[in-house]
Peer 1: 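Please see the structure below; I have some questions.
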Amino acid sequence: MSEAALGTQLLSKSSAIVGNTPPMQSRPVDSELEKHKFERQNLKEWSSLLCIWYSILTTVAILLALLFSDFGERWTAVDVDEVWHSKAAIMMVSSAVIMELCFLASSSLNVRTLGVDCRNQLCLNGVGDSVLTLIEYSLKILTGFYLWCAKGGIVHTDVLAVGGPRPVYMARFLQWSVAVPLLMLLSNRSFCSKDTEVWDCIRWMPGLVASSVYCWAGWIMEVTVSPKLRWPFFFLSMVGAVFASIDQIVLARHHRGKELWNWKFGMLVYQIASFALYALVFFLGRFGLISSLCEQCIYAYADATVKVFQGALLAMIRNRDDLNAIKRWWVAALNATQDLENIVSTACVPVFALDLDGRIVEWNDNLRKLTGRPFETVRGMPLLELVTPECREAVEAGIQHAVQISRAVADKAEESPHSVRDDDDFTASKFATNFVELSIPVAKARGNEAKLRNLAMTLVPKSTQGGALAGVMAIGQDLSDLAQLKIVQERKSALIAMLSHEIRSPLHGMVGLTTAMLESSAGAAMKRQLGMVKGCAVRLLDLVTNIMDLAQNEKRRLDGRPQERPQALVDFGAIVDEVHTMTKMAVDKMNKPLLKPSVRFVNKLEGERTPLVRGDPQKCTQLIYNLVTNAC
């Protein structure tokens with residue numbers, strides 16, 4: 001899992017080179033909204049409406065019977081054997097409680113082991129199911145204790161039973177009115193998902209209420225003394241059980257196609273069959289086909305066996321759900337690891353990995369092509385022995401820095417794993433990177449091929465599947481072409497500087513000679529021609545100087561040095577005099593005077609002193625000369 005996360009981090013850093021990884025699929029919000037809308041519409045389904053109308057009408061009938069009907073007298077001759085079997089059932093249910101507590105502890109431990117990120121996918125349903133099952137078991141134990149300690153508790157007489165009066169234990173019906181909806185809720189919860197759990201609970205309510213109501217309809221049927229009420233309530237009790245079961249089946253069909261649906265539907269069929277068994281025993285008892293002792297024994301031991309087996313089935317299904325989820329994650333992790341290995345192997349950028357001792361353990365095909373060294377020849381070789389001596393210190397410092405940060409983060413995570421996992425700084429530090437430049441000699445360089453490969457690598461800590469530090473992984477880019485361009489640029493700058501220097505020397509000589517000839521006793525025409533020669537030489541000298549300055553600035557930029565500010569003293573008065581003289585003697589391309597006859601060119605600074613400022617005299621002269629000649 002950690003290697004897959006590491007690969008995601010590496011690919012995000014080199015997406016411009018090896019391509020962007022496909023984004024993780026987001027939750028289909030629109031489909032979930034449609035699902036919620038569908039669930040709201042399901043509240044109007046025929047099975048739900050049947051349960052709603054049944055609950056309303058039967059509740060009204062029960063209230064009217066309680067107000068206007070007479071009930072049988074209390075049963076006094078309680079059979080001790082019937083109460084004893086309740087005590088035995090308590091011991092059996094208690095063992096089931098211990099088993100369910102183990103399930104609950106296992107689910108809670110899974111939450112702590114797998115972390116908060118896996119809570120929703122694995123453990124919320126398991127914990128909720130265990131809690132509901134424990135509540136249902138607790139009702140059975142309390143009912144058993146009540147029947148045992150209170151000698152049956154509140155017991156009425158079924159005076160209309162076939163074969164003579166029979167006891168009616170009110171505690172049984174009270175337990176059933178709560179336990180039956182709980183068992184139905186457990187079956188329904190196996191079909192739902194967390195995203196639709198709220199709407200599913202609302203949808204389940206009609207069936208759950210109907211299941212509780214038909215239990216009390218059965219109690220009214222047994223305790224009433226009116227034959228006109230007995231059989232209608234018997235019919236209402238049976239019809240209610242059928243309606244609630246039908247509604248459950250309709251709900252289960254809505255979730256057809258989901259994972260383990262056959263298993264979950266099989267558990268629902270088992271639950272309906274167990275309820276049918278209780279209804280059959282209830283029916284046989286009302287017609288005197290079984291004794292009261294046999295009826296109560298079946299109720300007691302069925303609570304401790306038949307219904308407990310349903311809890312075991314649900315635990316098996318939940319465990320299967322969790323195993324399927326873990327299997328999907330494991331397959332995804334294996335696929336991600338395999339994809340990462342394939343990407344690393346075929347990436348168009350250099351990628352290698354080192355162990356904690358700095359030895360090479362991975363070496364992709366791009367590095368083989370760049371350096372001419374197959375992985376078999378560099379496996380286990382220390383990286384510091386492979387790179388050039390000039391970059392060994394920087395490479396060693398980068399590896400140590402990445403390892404130290406990774407170990408510091410691991411120590412912090414071990415002290416407080418949950419706080420570190422939720423901390424944004426943890427995510428930033430976990431993949432702390434170190435950028436280094438290294439040079440690797442080419443094994444077999446031919447002709448004009450580069451003899452060194454200059455690589456810019458990003459070092460990232462590499463972890464094992466258990467989360468322990470395994471080494472360092474590096475991904476980067478080949479800078480050999482850039483290094484060659486840098487060398488060519490340096491040679492070009494050196495050539496320009498040399499040529500400029502060689503050209504400046506004769507230009508200085510030309511300027512000096514023309515200056516000396518102008519100061520001699522030459523004729524006016526000769527002086528004018530010499531002045532033009534000097535002006536051209538000076539302009540050419542300025543141009544050469546600018547080329548030299550450009551070459552020096554480029555060299556400073558490549559070396560990372562700041563550009564120097566000129567510090568020479570500039571006399572603008574002398575510059576203006578020089579520009580004034582050069583402009584008067586300048587000619588255009590047609591060998592005609594540059595200064596037109598209609599233009600009056602006056603030097604107002606002649607004979608005046610101007611302050612000296614720091615700058616570049618040559619560039620200032622060139623600037624003013626260009627402005628003036630353009631105006632002419």
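Computed from a prediction, not measured in an experiment: that's the story for all the values here.
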Peer 1: Between L367 and L455, is any pair of side-chain heavy atoms under 4.5 Å apart?
Peer 2: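 Side-chain contact under 4.5 Å: yes.
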
Peer 1: Once salt bridge (charged side-chain N to carboxylate O under 4.0 Å, His left out) is applied, what residue pairs with a partner in residues 378-396 remain, sequence neighbours excluded?
Peer 2: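 Applying salt bridge (charged side-chain N to carboxylate O under 4.0 Å, His left out) to every pair that reaches into residues 378-396, excluding sequence neighbours, yields nothing.
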
Peer 1: Does the side chain of T371 reach to within under 4.5 Å of the side chain of V442, using non-hydrogen atoms?
Peer 2: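 T371 does not reach V442 side chain to side chain.
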
Peer 1: In Å, rounded to the nearest 0.5 Å, how long is the span from CG of N366 to CG of D478?
Peer 2: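 Going from the CG atom of N366 to the CG atom of D478 covers 7.5 Å.
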
Peer 1: Got a second to check how far D571's CG is from C620's SG, nearest 0.5 Å?
Peer 2: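 These two atoms lie 11.0 Å from each other.
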
Peer 1: Quickly, which of K327, R328, R320 forms a salt bridge (Lys or Arg N to Asp or Glu O under 4.0 Å) with E259? Name it, please.
Peer 2: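 Exactly one pass, corresponding to R328.
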
Peer 1: As an exercise, state the distance from CG of L356 to CD1 of I399, rounded to the nearest 0.5 Å.
Peer 2: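 L356 CG to I399 CD1: 11.0 Å, rounded to 0.5 Å.
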
Peer 1: Does R614 have any side chain to side chain contact (heavy atoms under 4.5 Å, CB included) partners at least two apart in sequence or in another chain, and if so, which?
Peer 2: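 If we apply the side chain to side chain contact (heavy atoms under 4.5 Å, CB included) test to R614, skipping adjacent residues, the hits are Q567, L569.
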
Peer 1: What residues form a side chain to side chain donor-acceptor pair (under 3.5 Å) with D577, not counting sequence neighbours?
Peer 2: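 With sequence neighbours excluded, D577 shows a side chain to side chain donor-acceptor pair (under 3.5 Å) to N603, given in chain and number order.
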
Peer 1: Output all residues satisfying side chain to side chain donor-acceptor pair (under 3.5 Å) with S345, sequence neighbours left out; order by chain, then residue number.
Peer 2: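 With neighbours one apart ignored, the set is empty.
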
Peer 1: Quick one: CD1 on I343 to CD on Q338, what's the gap to the nearest 0.5 Å?
Peer 2: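 Atom-to-atom, I343:CD1 and Q338:CD are 10.5 Å apart.
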
Peer 1: Name all residues meeting the side chain to side chain contact (heavy atoms under 4.5 Å, CB included) criterion together with L627; count only those two or more places apart in sequence or in a different chain, and write none if there are none.
Peer 2: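 Here the qualifying residues are L623.
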
Peer 1: Does the N364 side chain pair with the main chain of V344, one donor and one acceptor, at a distance under 3.5 Å?
Peer 2: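 Here the side-chain-to-backbone pair exists.
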
Peer 1: Pairs in or reaching into residues 352-375: which pass salt bridge (charged side-chain N to carboxylate O under 4.0 Å, His left out), with residues at least two apart or in two chains?
Peer 2: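 Every salt bridge (charged side-chain N to carboxylate O under 4.0 Å, His left out) pair that includes a residue of residues 352-375, provided the two are not neighbours, is E362-K462, D365-R368, D365-K369.
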
Peer 1: List the residues meeting side chain to side chain contact (heavy atoms under 4.5 Å, CB included) with D616, not counting sequence neighbours, and say none if there are none.
Peer 2: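 Side chain to side chain contact (heavy atoms under 4.5 Å, CB included) check on D616 returns D549, P566, Q618, K619.
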
Peer 1: Kindly indicate whether the side chain of V602, heavy atoms from C-beta on, has any atom under 4.5 Å from the side chain of K604.
Peer 2: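 Yes, close enough: below the 4.5 Å cut-off.
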
Peer 1: Side chains of V576 and T610: closer than 4.5 Å at any heavy-atom pair?
Peer 2: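 Contact flag for V576/T610 side chains = no.
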
Peer 1: Can you check whether L452's main-chain N or O pairs, donor with acceptor, with S439's side chain at less than 3.5 Å?
Peer 2: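 Checked: no pair found.
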
Peer 1: Measuring from atom OG1 of T388 to atom CZ of R453, what distance do you get when rounded to the nearest 0.5 angstrom?
Peer 2: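 With rounding to 0.5 Å, OG1 (T388) is 14.0 Å from CZ (R453).
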
Peer 1: Between A443 and G372, which heavy-atom pair has the shortest distance, and what is it?
Peer 2: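 Scanning both residues, the minimum pair turns out to be CB-O, 3.5 Å.
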
Peer 1: Supply the atom-to-atom distance L354 CG to W363 CH2, rounded to the nearest 0.5 angstrom.
Peer 2: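 If we round to the nearest 0.5 Å, L354:CG and W363:CH2 are 9.5 Å apart.
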
Peer 1: Checking E437 now: which residues fulfil side chain to side chain donor-acceptor pair (under 3.5 Å) with it, not counting sequence neighbours?
Peer 2: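 Not a single residue meets the side chain to side chain donor-acceptor pair (under 3.5 Å) criterion with E437.
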
Peer 1: Can you sort out the partners of T621 under side chain to side chain donor-acceptor pair (under 3.5 Å), two or more places apart, ordered by chain and number?
Peer 2: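 By the side chain to side chain donor-acceptor pair (under 3.5 Å) rule, T621 matches no residue at all.
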
Peer 1: Which pair of heavy atoms, one from F375 and one from V361, lies closest together, and at what distance?
Peer 2: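 Closest pair (atom of F375, atom of V361, distance): CZ-O, 3.1 Å.
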
Peer 1: Nearest heavy-atom pair of A456 and L479: which atoms, and what distance?
Peer 2: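 Nearest heavy atoms, A456 then L479: CB-CD1, 3.3 Å.
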
Peer 1: Taking ring-ring contact (aromatic ring centres under 6.0 Å, His included) as the test, write out the residues that go with F601, two or more places apart.
Peer 2: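 H580.
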
